[in-house]
Amino acid sequence: MPARAAPTPASGHLSGRALLRGLWVLTKPRVVQLIVFCALIGMLLALPAWPNAQQWVRIAIAAGGIWLLASAAAVFNCVIERQIDARMQRTAARPTAQGTVASGLAITVGLLMAAAGGLLLWLCINPLTACLTLATLLGYSVVYTVWLKRATEQNIVIGGASGAMPPVLGWAAMQGTVGPEAWLMFLIIFIWTPPHFWALALYRVEDYRRAGLPMLPVTHGRAYTTRHVLIYTVALWAISLLPLLQGMSGLGYGLVAFVCGAVFCAYAWRLHQHYSDALAKRTFRWSLWHLTALFAALMLDHYGLLI
């Protein structure tokens, strides 16, 4: 177990810039970036043609509201899990785990961001988007973080519903309703989430074991986990082709989905047959590129920018 870092000053002794940097880290900007990207794709696919100036303003406001609420959820997660984070090498440097940002301050900032995001969506977009986004925040911060993550090895599977909501939020922001296309995008992310996180958990298994979290590699071992990564990845490959079969997209998207899915399945197969931490890390990284490519291809195909 790595040596603990030297104690760091409490938030009251930090400079203004260092405190702002610490609060920024708590918002998990890379994770939120992917959330907003998927919501943006949902917005663009909800429109029949390229957005006009007025629609771009609406898109920017909706993206800002979703960003605020997603960032608030990340802050709440860091506060709730600060003791667990301190025991994990991957998260030990988070300001709440180190004590460099006081929990009370982080909660205050998170509440302000949540209130601002909720009001922005309610007043400037529509109540449906505001309610769905707030429900997603509660699902992640309370249902997943407080309960599911500690209760069952299927935490990622069940809790993945919150992480799959961004395209639904984006669609609702532009249409005021939620159509079947939005739920199809939800399904893609929902099935993508388990192999994505289990690949991470495989090479970080000792972190999760120290933290006492019942992640699948901890409770059922490596072989069981890699087999389920493969099962979910094959299912994802099939489901990612549904937009083509349903008529939501064309051959351009279908080609991207087929190739990217084949690569993801190849990674999963190799991981199950010849496991190594390095391969698990590459599989995790590919999963991020895979989801990004799928949603970018959906958008480009929608506007006739793919073959």
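No experiment lies behind these values; they were computed from the predicted model shown.
Under the 4.5 Å side-chain heavy-atom criterion for Ile, Leu, Val, Met, Phe, Trp and Tyr, Ile80 and Ile107 are members of distinct hydrophobic clusters. Taking hydrophobic clusters as Ile, Leu, Val, Met, Phe, Trp and Tyr residues chained together by side-chain heavy-atom distances below 4.5 Å, Leu291 shares a cluster with Met248. Both Ile189 and Leu288 are part of a single hydrophobic cluster, where members link through side-chain heavy atoms under 4.5 Å apart. When hydrophobic clusters are built by joining Ile, Leu, Val, Met, Phe, Trp and Tyr residues whose side-chain heavy atoms come closer than 4.5 Å, directly or via intermediates, Leu300 is grouped together with Met185. Note: the hydrophobic cluster containing Leu69 does not contain Leu119 (ILVMFWY, side chain heavy atoms under 4.5 Å, direct or indirect links).
Arg210 and Arg87 get closest at one heavy-atom pair: NE-O, 3.2 Å. Counting all heavy atoms, side chain and backbone alike, Val256 lies closest to Ala293 at CG1-O, 4.0 Å. The heavy-atom pair separating Thr136 from Ser162 by the smallest distance is CG2-O, 3.3 Å. Annotation for Leu120 and Gly65: closest pair CD2-N, 3.6 Å, computed over non-hydrogen atoms. Here the closest heavy-atom approach between residue Met215 and residue Ala201 is recorded as CE-CB, 4.1 Å. Here the shortest heavy-atom pairing between Leu236 and Ile188 reads CD1-O, 3.5 Å.
Environment of CG in Leu242: crowded, with over 12 heavy atoms of neighbouring residues, nucleotides or ligands closer than 6.0 Å. Enclosure of atom CD in Gln154 by more than 12 non-hydrogen atoms of other residues, nucleotides or ligands within 6.0 angstrom is indicated. Environment of CD in Gln83: sparse, with no more than 12 heavy atoms of neighbouring residues, nucleotides or ligands closer than 6.0 Å.
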> Given Thr292 and Phe37, is the side-chain contact (heavy atoms from CB on, under 4.5 Å) satisfied, shown in steps?
Replying inline: CA-CA 8 Å; Thr292 302; Phe37 171 75; 4.1 Å; yes
>> Set out, in order, the CA-CA distance, both residues' side-chain angles and the distance that settles side-chain contact (heavy atoms from CB on, under 4.5 Å) for Leu213 and Asn155, then state yes or no.
In response: CA-CA 10 Å; Leu213 295 175; Asn155 45 25; 5.8 Å; no
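No cation-pi contact links Lys149 to Tyr144, judged by a cut-off of 6.0 Å to the six-membered ring centre and 45° from its axis.
Note that CZ of Phe76 and CG of Leu111 are 4.0 Å apart. Values are rounded to the nearest 0.5 Å. His272 contributes atom NE2, which lies 6.5 Å from atom CG of Leu230 (distance to the nearest 0.5 angstrom). Between Cys38 atom SG and Met43 atom CE the span is 11.0 Å, to the nearest 0.5 Å.
With hydrogens and angles left out, the side-chain atoms of Asp301 and Tyr303 include no donor and acceptor closer than 3.5 Å. In this model, a donor atom of one side chain and an acceptor atom of the other lie less than 3.5 Å apart for Asn77 and Thr145. Between the side chains of Asn126 and Thr129, a donor-acceptor pair is found at a separation under 3.5 Å.
A distance below 6.0 Å separates the ring centres of Tyr232 and Trp198. Separation of the Trp50 and Trp56 ring centroids falls under the 6.0 Å cut-off. Taking the six-membered ring for Trp, Phe258 and Trp237 have ring centres closer than 6.0 Å.
Taking the six-membered ring for Trp and thresholds of 30 and 60 degrees, Phe186 and Phe190 have nearly parallel ring planes, at less than 30 degrees apart.
No salt bridge links Asp207 with Arg90; every basic N to acidic carboxylate O contact stays at or beyond 4.0 Å.
Here the side chain of Ser287 pairs no donor or acceptor atom with the backbone of His196 at under 3.5 angstrom.
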